[in-house]
S.K.: 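Starting off with a structure, shown below.
In this text, all values refer to a predicted model and were calculated from it rather than measured experimentally. Each ligand, and each atom within it, is numbered from 1 in the order the structure gives.
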Amino acid sequence: MIAQKKETFLKDYQPPAYLVDRVDLRIELDAQSTLVQSRLLCRPNQQTKKPLVLNGKRLEVVQVALNGSVLTRNRFTFTDGLLTIAHVPAEPFEVAVTTRINPAENTALEGLYLSSGNYCTQCEPEGFRTITCFPDRPDVMSVFTTTVIGDKTSCPVLLANGNLMASGDLDDGRHYATWHDPFPKPSYLFALVAGDLVRISDTFTTRSGRTVALHIYVEARNRDKCGHAMRSLKKAMRWDEEHFGREYDLDLYMIVAVDDFNMGAMENKGLNVFNSKYVLALPETATDADYEGIEAVIAHEYFHNWTGNRITCRDWFQLSLKEGLTVFRDQEFTADMSSRPVKRIEDVNIIRSLQFREDSGPMAHPVRPPSFVEINNFYTLTVYNKGAEVIRMLFTLLGAETFRQGMDIYFDRHDGQAVTCDDFVAAMETAWGKDLSQFKRWYSQAGTPELTVTGHYSAADQQFILEIEQSCPPTRESVVKEPFFMPIAIGLLDENGNALPVNTDAGTGTDTDTKMLILSEQRQQYFFPNITSKPTVSFLRNFSAPVKVHHAQSEEELHRLMTHDTDPFNRWEAGQTLSLRHILEQIANFQHQQPISIRHRLVRGLRDFLLDTDLDPAFTAMAVTLPTENWIGQQMTIIDPVAIFSVRQQFRAQIGLQLRDELLQRYHDLTGDIPYQYNAVEAARRTLRNTCLAYLLAPEIGGRLTPELLQLGTEQYQRSDNMTDSIAALGCVVNADAAAGAALLADFYTKWQHDPLVVDKWLALQAGCSLPGTLEHVKNLTGHASFSIKNPNKVRALIATFCATNHNQFHAADGHGYCFLGDQVIRLDPLNPQIAARMLTPLTQWRRYDPTRQQMMCEQLERIRRQPLVSDDVQEVVDRSLQK
Ligand code: B3K
Ligand code: ZN
């Protein structure tokens, strides 16, 4: 085992001893031997004289000079990732460091690496130190000038942050480009791209009348696939001006798409680097979900220019300062571009299915973690999505207008600074004029709060009392939890489903149906006078706080909410609660070898949604979809993946059978008659149509579909002019009939083998297949010509899809799924530790399963831990998972 990285603690934060005002970089590109010369203009940040300590990792230090004099080896040390110069002047001084790196062997995709022969970088959070020696921490903000030198033939394009200052030819067939970024920035926002790329250009005129050049760089074969990304960027730029008053600051905004990327994209100042999945789209290669994803990620990275770049994080514990806030901003943007309720439901599904699970497992941490070993492990659903929920609660508490004032205060106060989550909340406090110190517990206490809700109606007093009690399970950093402060939006419905005016003190024109309660005590009561009959409570409207709710409501009440609630989120939620109850009831039957049946009333409720043509089809699609397997599992003390899958699948098959006529009718009615267009209305139509198809083609376990239904899927696959409809149909057939599925999969591959992003869909579809035998198939596919363990998109498509979404087969009783994941993590860890650590997630949940599964999952974790070269990334996740 290699020496393990130490745990870093928030409480130990110290300001930097030295600041770097300017950085001049000269980078001579070479695949195996890139030479990096940096000159740092440094200045002491403290009175006391300290050594200058720079971070440096996986690089060779060629030369170090101080104020122009080369330092002999006894004047500096370079050990354990630190370059230390013991004696430096008390006045500003210049340090010049020359390093040599090998981009070609960089499979970790952190720092400078090659993707399809092109150079690109990923520096957040600590990748810059693998390029050159630097105080690689976000509170050191510098003005960067970068000269990139490369071969003219293989690298006609040379890019870095900021504006192009100079370029020209050099000897030996090389050329150079010098870029200057006038905005001081931390090293994690540094970027360099060089290679053989084509450029797609457009312009944007800001509201103050400045013209910004917009450039998207891709490989030549992808030239025609950038239109949607460009339109998305312009929409995001306009939206940020209109909703947050934020204008773009440089004259140039560049986006580069690369195929090998550890995550979605990166917001480097003026030069975003993107996973090509979030840039490239044509109707025939990308689905509606891809189009929506591109729009959202382009917007997210663009929004970072203010929330992240202009105002950045003081240290990595504050990651949610930029990520939670930027996710909130991109969620709002998407809600404005499509359907607000549907977007909310999608986001809540992520929180409840995945973040709640993280929050109750060994990786649970507060939105601001108190410590970490490897910060890359903390780019989590908690920091991002729960972080966004925390911002959303502030938005809900303050109201749109005051929240916007708070944002303006935040921008005014902190532009150009590296700050903390406290600074953000302080700006909101100033705007609101109220104390938010209790609210800040959301930043320091992990775990999902649970609310127990009880209603007491007194006919004699015509009064309704709502009682809410909160608790939060213990987590690693705190066993005893202090009560949280949260907004609880509620409504009351009478027996006919009419909304009762609960918000009577609201001004005219405001929503009298919804009352915003503040919960701050462990137990609180709320009184509603003048209520003439027992009301039905519509609790936690729009999911106003990220909590679990225990609320005993009758089926009649849930049906009333499903049909009449004025809050669309809670209409959907009532349906989900009802489905969940029935599914859990049948899971118990399944576990006792009793037959599974679906209640007529549930089918009728879904039928009502399906036939209500006044509803947005995208909402209907959500409303008729059963709760996710993950969310069902979370209701169980011991997760039984086989029972969950079997019951849910049986329900789907039964719904398909019992509502066949209605589903077919809607399916046909929703058939489009214009060529593919991506817009909210058309996408909604396709979503519901494909949801109907999926029900019609849902087979009973071990059962077979009629040839007519199979034909319906095959025909859609063959006739559609777009990827959304063809992949949806292909998925239905693949999950219904092995032989028919195999034939279509072969056809699909022949057609799309040249397109890596489409091949990812082909792999993912097979890995997610619910018919038996998928693991063997996935194993074979790891040897397929299209698969590469070095490409994160391929690993996610094949390995993660199987291990993280095909619960029934990953958790097969023989333990082969666990063993497969163990093998893959062991194979991946030496190549790409970040991705290896991510892949581990399903095993970290071992405590939630039965003893036999627990033991088999732990065996894999132990086996991984025993590997001679386990990375810090993987080690931290394994250690936390196995901790007593
Ligand atoms: N800030 C980057 C994420 C970097 C992840 C490093 N492991 C992308 C984003 O959130 O916008
Ligand atoms: Zn982000």
S.K.: Output yes if Glu323 passes the N/O/S-under-2.8 Å test against the Zn ion (ligand 2); output no otherwise.
M.R.: yes

S.K.: Using the six-membered ring of Phe333, assess whether NZ or CZ of Lys235 lies under 6.0 Å from its centre and within 45 degrees of the ring axis.
M.R.: no

S.K.: How wide is the angle at the Zn ion (ligand 2) spanned by His304 NE2 and His300 NE2, rounded to 10 degrees?
M.R.: 100°

S.K.: For Arg199, enumerate each residue passing the salt bridge (charged side-chain N to carboxylate O under 4.0 Å, His left out) test, keeping only those at least two apart in sequence or located in another chain.
M.R.: none

S.K.: Name the one of Trp239, Tyr253, Phe204 that satisfies ring pair (Phe, Tyr, Trp, His ring centres under 6.0 Å) with Tyr302?
M.R.: Tyr253

S.K.: Report yes or no: is the cationic atom of Arg329 (NZ for Lys, CZ for Arg) closer than 6.0 Å to the six-membered ring centre of Phe244, at no more than 45° off its axis?
M.R.: yes

S.K.: Can you list the residues that meet the salt bridge (charged side-chain N to carboxylate O under 4.0 Å, His left out) rule with Asp136, with sequence neighbours excluded?
M.R.: Arg129

S.K.: Can you name the side-chain hydrogen bond (donor to acceptor under 3.5 Å, both in side chains) partners of Tyr384, sequence neighbours left out?
M.R.: Glu323

S.K.: Could you pull out every protein residue that has a heavy atom closer than 4.0 Å to ligand 1, ordered by chain and then number?
M.R.: Glu124, Pro125, Met263, Ala265, Met266, Glu267, His300, Glu301, His304, Lys322, Glu323, Asn376, Tyr379, Tyr384, Gln834

S.K.: Which of these passes side chain to side chain contact (heavy atoms under 4.5 Å, CB included) with Val390: Phe424, Tyr443, Phe328?
M.R.: Tyr443

